[in-house]
Amino acid sequence: MPAEPKHIAILRLSALGDVCNLVPTVRALQRQWPQARITWIIGKGEHSLLAGLSGVEFVVYDKSTGIAGMRALWRELADTRFDVLLHMQQAIRASVLSLGLKADVRVGYDKARAKDAQHWFTQHQLAPHDRAHVLESFMDFARLLGVADTRLEWDMPVPQTALDEARAISGEAPYLVINPCSNARLRNFRNWSVEGYASVIEHAWVQHGLKSVLTGGGSSQEREIGEQIEALCQPGSVINAIGGTSLKGVLALIGQARAVIAPDTGPAHMANAMGTPTLGLYATTNPQRAAPYCWRDFAVNAYPEAVRAYLHKEVDAVSWGQRVRHQDAMALIKTDTVIAKLDALLAHTAPDTVAGSRHES
């Protein structure tokens, strides 16, 4: 391992939540070696979220360009040799991309955590870390290089244009952000019910005087779900901004929100990165591994129940990253449970009871 790396490469293309969880590792590397160059090879959409991150040079790879895009990236970096390449993407596409990068040392996950035979593409592997949260798995790369100061720091860049965009949507009154939909990948059953969200919005409006801003992408499914939620809510209690914001605009909305509610999806980790109180909804993925890191105690956790109901096992008997791919799993999350968690989260983070405590969870 280089004792004083001059140029560090990070290879992590996706996804939105994961790149947010990786930023504290970048900050730890910067504290240890403030003069080192850090080049992050990143996906196109993820770059639009993190653009402007201080002290980081981004090289963007658009996954839709395939091998042709890889060759273009290799040509761009043909004259660059890294002291160390931190291969943080457990996917064969990223491993193939890594082959065209020049580095003295290549570091990847230990065999237990490496997917798609990633350990075949690296010289050094992390020490085993059983049952690690995603954020901790990233920080393990810094620890392997000898970084001791692993305190959490994000300092996410939000331009004034994004703040203006957010304010135009939210207005001046306090609000929640609700991002109801997760990624629409095949058998990715992470979305909670329309009726559940509508009930939570009603409670927030009546009991806490908080309107809710709906965020999300512009897919037809997300727009339809947003419209269904809106139709069940009182006028004035909800603002439907699904499909109507930039990623930086969503980040700004989240940063000014009283709290964020979301299933296992990128905006939950964006909220965590912004220090915004976050209530995650989990049944198909394990929140101990994937919930917003600083707000794990406030995640609604129906995962053990889902494992018993649909995998017919106990949590301790399944692998750490095991998902419950059943369309009814999220229905195990009860509205009363979410409302109770929201009340507890708002009480815990009330301005008159907690001052300056964000990221100290």
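All of these numbers come straight from a predicted model, not from anything done at the bench.
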Donor-acceptor contact below 3.5 Å, side chain [X] vs main chain [Y]:
| X | Y | value |
| --- | --- | --- |
| Tyr282 | Ala290 | yes |
| His133 | Ala291 | yes |
| Arg151 | Pro24 | no |
| Thr65 | Ala68 | no |
| Gln32 | Val147 | no |
| Trp320 | Arg113 | no |
| Asp62 | Ser64 | yes |
| Tyr175 | Val238 | no |
| Lys102 | Ala78 | yes |
| Gln90 | Asp116 | no |

Gln35: what forms a side-chain contact (heavy atoms from CB on, under 4.5 Å) with it, not counting sequence neighbours?
none

Are [X] and [Y] linked by a side-chain donor-acceptor pair shorter than 3.5 Å?
| X | Y | result |
| --- | --- | --- |
| Thr265 | Arg190 | no |
| Arg258 | Thr349 | yes |
| Arg27 | Ser54 | yes |
| Arg12 | Gln89 | yes |
| Asp264 | Thr285 | yes |
| His129 | Asp140 | yes |
| Asn179 | Thr215 | yes |
| Ser246 | Glu165 | yes |
| Ser199 | Glu202 | no |

Min side-chain heavy-atom separation [X]-[Y] under 4.5 Å:
| X | Y | value |
| --- | --- | --- |
| Thr122 | Val107 | no |
| Leu97 | Leu13 | yes |
| Lys248 | Thr161 | no |
| Glu4 | Trp33 | yes |

Group every Ile, Leu, Val, Met, Phe, Trp and Tyr by side-chain heavy-atom contacts under 4.5 Å, then state whether [X] and [Y] land in the same group.
| X | Y | result |
| --- | --- | --- |
| Ile38 | Leu101 | no |
| Val59 | Leu99 | yes |
| Val206 | Ile201 | no |
| Trp205 | Val194 | no |
| Tyr197 | Phe298 | yes |

Could you report the tightest heavy-atom contact between [X] and [Y], atom names first, then the distance?
| X | Y | value |
| --- | --- | --- |
| Pro180 | Asn191 | O-OD1, 3.7 Å |
| Glu46 | Ala15 | OE2-CA, 3.5 Å |
| Ala329 | Thr284 | CB-CG2, 3.7 Å |
| Val84 | Pro5 | CG1-CB, 4.4 Å |
| Pro2 | Val105 | CD-CG2, 4.3 Å |

Find the distance between [atom1] ([X]) and [atom2] ([Y]) and round it off to the nearest 0.5 Å.
| X | Y | atom1 | atom2 | value |
| --- | --- | --- | --- | --- |
| Thr276 | Leu176 | OG1 | CG | 11.0 Å |
| Asp110 | Ser137 | CG | OG | 8.0 Å |
| Glu305 | Ile333 | CD | CD1 | 9.5 Å |
| Arg296 | Thr278 | CZ | OG1 | 12.5 Å |
| Lys111 | His119 | NZ | NE2 | 4.5 Å |

When the ring planes of Trp295 and His348 are compared, do they come out parallel, tilted or perpendicular, using 30° and 60° as the limits?
perpendicular

Kindly indicate, with the supporting measurements, whether the criterion side-chain contact (heavy atoms from CB on, under 4.5 Å) is fulfilled by Val158 and Met274.
CA-CA 10 Å; Val158 183; Met274 294 299 289; 3.8 Å; yes

Tell me whether the count of non-hydrogen atoms from other residues, nucleotides or ligands lying under 6.0 Å of CG in Asp79 goes above 12.
no

Would Glu172 and Arg167 pass as an ion pair if we require N to O under 4.0 Å?
yes

Indicate yes or no: does Arg143 engage Glu136 in a salt bridge with an N to O separation below 4.0 Å.
yes

Determine whether Asp83 and Lys6 satisfy the following criterion, salt bridge (charged side-chain N to carboxylate O under 4.0 Å, His left out), listing intermediate values before the conclusion.
CA-CA 7 Å; Asp83 295 300; Lys6 300 296 189 294; over 6 Å; no

Run Tyr293 and His269 through ring-ring contact (aromatic ring centres under 6.0 Å, His included) and show every step you take.
CA-CA 8 Å; Tyr293 187 80; His269 301 286; 9.9 Å; no

Residues in ring pair (Phe, Tyr, Trp, His ring centres under 6.0 Å) with Phe141, at least two apart?
Tyr109

Please list, one pair per line, the donor and acceptor atoms closer than 3.5 Å that link side chains of residues 337-345 to other protein atoms, with sequence neighbours excluded.
residue, atom, partner, partner atom, Å
Lys341, NZ, Asp297, O, 3.1
Asp343, OD1, His203, NE2, 2.8
Asp343, OD1, His208, NE2, 2.7
Asp343, OD2, His203, NE2, 3.3

